2 protein chains.
Amino acid sequence: MVTHKRRQFLLDMIQKQPCLRVSEMAEELDVSEGTIRNDLNALQGEGLVKRVHGGAVVIERSAIGNNSFFTRYDQNLDRKNAIAREAAKLVSDGDSILLDASSTAYCLACALADRKDLRVVTNGFNTANELAKNNSNNVALIGGMVNYSSSSVTGLLSERIIEDLHVQKAFLSCSGFSLERGMTEVHLNEAQLKRKVIHITDQLIALIDSSKFGKEDMTPFAKLENIDKLFTDGEISHEWKERLSMAGIDTVICHHEANATYD
Amino acid sequence: MVTHKRRQFLLDMIQKQPCLRVSEMAEELDVSEGTIRNDLNALQGEGLVKRVHGGAVVIERSAIGNNSFFTRYDQNLDRKNAIAREAAKLVSDGDSILLDASSTAYCLACALADRKDLRVVTNGFNTANELAKNNSNNVALIGGMVNYSSSSVTGLLSERIIEDLHVQKAFLSCSGFSLERGMTEVHLNEAQLKRKVIHITDQLIALIDSSKFGKEDMTPFAKLENIDKLFTDGEISHEWKERLSMAGIDTVICHHEANATYD
DNA sequence: AAAGTATTGACAAGAATCGCAAATTAATAT
DNA sequence: ATATTAATTTGCGATTCTTGTCAATACTTT
C-alpha cells in the first residue's frame, strides 16, 4: 500500500520535473536509493516510464490509434516485457529482423530503442512507428489491408512483398501453442502471413507468453521443428517446461525482476 | 537523468540555433567539451543529429519532438476542413479512392466517416487508421519505408504495389503549386509515389490550400492538364483565382462555413 | 604552400550510478 | 507467539559518465 502510493507519487514527480536524480528522489521521499531504483524498475515493468542513467523519463504513448491495441498491450505487460527484454539480447546493431503485429513484438520494439542501424520489417503500425523513431533504423512496413482493431496489415499485398525479402531473425508470437500443432493463430490472414515469414528468415524466434500453452486455434503456421528459439515467461507450468524440454526446443524462461505491485 | 536531460536540451539548442560550436554548448551547459562531444556522438548514434566539424546539425528537424504529423495537422485546420468538407462530396458509398499522407487528406478521411463500403488506398498511417475504424470500408495501406516524422510510407515497395492497383479518384496534396511546373513536392520519394498514382486513377483531384500557390519545390509530379478538379480555400488571392480560371482548371473555392463558390 | 589555430577521437583516472544479492525490517498469516 | 512473506536497506563489484590530456586531423590565415 505504502509502496504503491510512493510509486504513484514518483510518477507525478517525474512528470513534473523530468531531471531528478535517484539520490534526490530518495531524499525527498526519505527512503534509500535502492528503493527508488526498485520502484523505477517496477514502473518500467509496467511500461509507465523508461529508465535512463540517473533516473527515469515518462513514456509517451504512441500517437497512433487509441484503439484496442493498447488494451491488449496492457494485459500481462510484465510478462511481455520480461520476454522482450531477454529476446532483445539476440539483436545487435545493424541486424535485419522481422516483427509481427503482436503486442509482445511491440514490447520488443520498445526494448530495442537503443539499437542502431536496424533493418526492420513488420506489419504492425505501432511497432513500425516505435522503431522508426530512431533515424538510423530502416523500417519497412508491409503493405496490405488495414485491420483497425489490431493496428496491423495483412492480406495479399503483404504476402507478395514478403516473398522478396529476407531477414536474419523473425520474432513471431501466436495465439495458441501445442506440441501436436505447434504455433497456431486465430485469424487466417495472420497465419498465412506468418507461414510466408518462415521461408524468408534464417531463424524463427517464438515469443509465447505462458497463457498460450495448451491452446489450439484455427490455423497452424509453424511446426515445432521450425522454431529455433522460444521465449516465455516465468509463469509457465512445470509440466510445460518438461514437455518443451522433452521436445528438444531451445527454451528461455524470462523472469521479471520487479515483483508485481498490489493494492 | 542529468545526462539524458542534457541531451534533450542539446537537441533543442541545435534545432533552434544550428551553428553552435562545441565550446559554446559546453559553456552554456557548464560541462566540459569532451562531454558535449560524447553527447553529440551518442545522439548521432540514435540517428537524431549528424556531426559536422565544430558542432552538429539535426537530421530532420521535424522528427525530434513528438510525432510531428499532428503539429502539421493543426496548422490552418479551418482551411483544410473547409477543403475536406467540399471534396468529400465527390465521394459516394462504395467508391474506390486514393488519399496521400498529407494532413489535408487526413481531414478528408475524417469527413468521410459516415460513408460506407469505401475501398481506400493510402500511404498515410493516420489516414488509414481513421478510415479503417469503419468496418464496412476496405482500406489498403501501401507498404514501404516508414517515415516517422510524417507518419507515412514511401519507397520502392510502395511504388511497385501501386502499379497493380486502380482507383476512381485520387486526392493528392502538394507542397508547392505554379502554373509552369504544376504540383511540386519537397521530398523526392513522395513525388515519385504521386507520379505513379496519376497513372492508376481515373480522376486526379488536387487539394491545395491557398498558402501553396506560387511556391515551387524540388520535384514536380503533376502538370496542370493532369488535374481534373482543384479544391482550395477562401484565402486564395484574386490574382490566383484569375490565373486558375484562365488556365482552364476546374476550381472549387471552399469557404469556412458558407457554401463553396464554383467558377 | 606553410604556419597557426581549432577541433577531433582515443584513452585513462576518478566519480557517480547501477544491478545484484544478502541482511534487515515490516507486514501478514498460522 | 511464531512462521512466512513482502518490502526495504545495505554493501560491493560492475558499469556508465565526466573530465583532462594528447597526438592526429581539419580548417584559417598569411
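Sequence lines set the chain letters: A, B, ... in the order given, protein chains first and strands last, and positions in each chain run from 1. Treat the numbers as computed from the prediction; the structure is a model and nothing was measured.
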Under 3.5 Å, which protein N or O atoms sit close to an N or O of nucleotides 24-28 of chain D? Give each pair with its distance.
none

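- In terms of the side chain to side chain contact (heavy atoms under 4.5 Å, CB included) criterion, residue partners of A:A222 (sequence neighbours excluded) are, by chain and number, A:M183, A:I198, A:L204, A:N226.
- The distance between atom CD of A:E24 and atom P of C:dT17, rounded to the nearest whole Å, is 9 Å.
- For C:dT7, the OP1/OP2 oxygens have a side-chain nitrogen or oxygen of B:R21 closer than 4.0 Å.
- Taking the side chain as every heavy atom from C-beta outward, A:L230 and A:D250 never approach each other to under 4.5 Å.
- With sequence neighbours excluded, the residues that form a side chain to side chain contact (heavy atoms under 4.5 Å, CB included) with A:R181 are A:S178, A:T184, A:E216, A:P220.
- In this view, B:D100 and B:K194 satisfy the salt bridge (charged side-chain N to carboxylate O under 4.0 Å, His left out) rule, not counting sequence neighbours.
- The side chain of A:S32 lies closest to D:dT9 when the candidates are D:dT9, D:dT18, C:dA6.
- Partners of A:N137 according to the side chain to side chain contact (heavy atoms under 4.5 Å, CB included) rule, which considers only residues two or more places apart in sequence or in another chain, are A:L118, A:L131, A:N134, A:V139.
- With sequence neighbours excluded, the residues forming a salt bridge (charged side-chain N to carboxylate O under 4.0 Å, His left out) with A:R37 are A:E33, listed by chain and number.
- With rounding to whole Å, B:D30 atom CG is found 8 Å from D:dT19 atom P.
- Position along DNA chain C of the nearest nucleotide to B:G54 versus A:V52 favours B:G54 as the more 5'-ward residue.
- Remark: P of C:dA16 and CG of A:L20 are 18 Å apart, rounded to the nearest angstrom.
- B:F125 and B:F69 have their aromatic ring centers separated by at least 6.0 angstrom.
- Contacts of B:E24 classified as side chain to side chain contact (heavy atoms under 4.5 Å, CB included), with partners at least two apart in sequence or in another chain: B:L20, B:R21.
- Here the nucleotide nearest the side chain of B:V31, chosen from D:dT8, D:dT18, D:dT19, is D:dT19.
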Taking only N/O atoms, report every protein-nucleotides 9-11 of chain C pair under 3.5 Å with atom names and distance.
from: C:dG9; atom 1: OP2; to: B:R51; atom 2: NH1; distance (Å): 3.4

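- Contacts of B:E180 classified as salt bridge (charged side-chain N to carboxylate O under 4.0 Å, His left out), with partners at least two apart in sequence or in another chain: none.
- Side-chain N/O atoms of A:R6 include none lying less than 4.0 angstrom from OP1 or OP2 on D:dA7.
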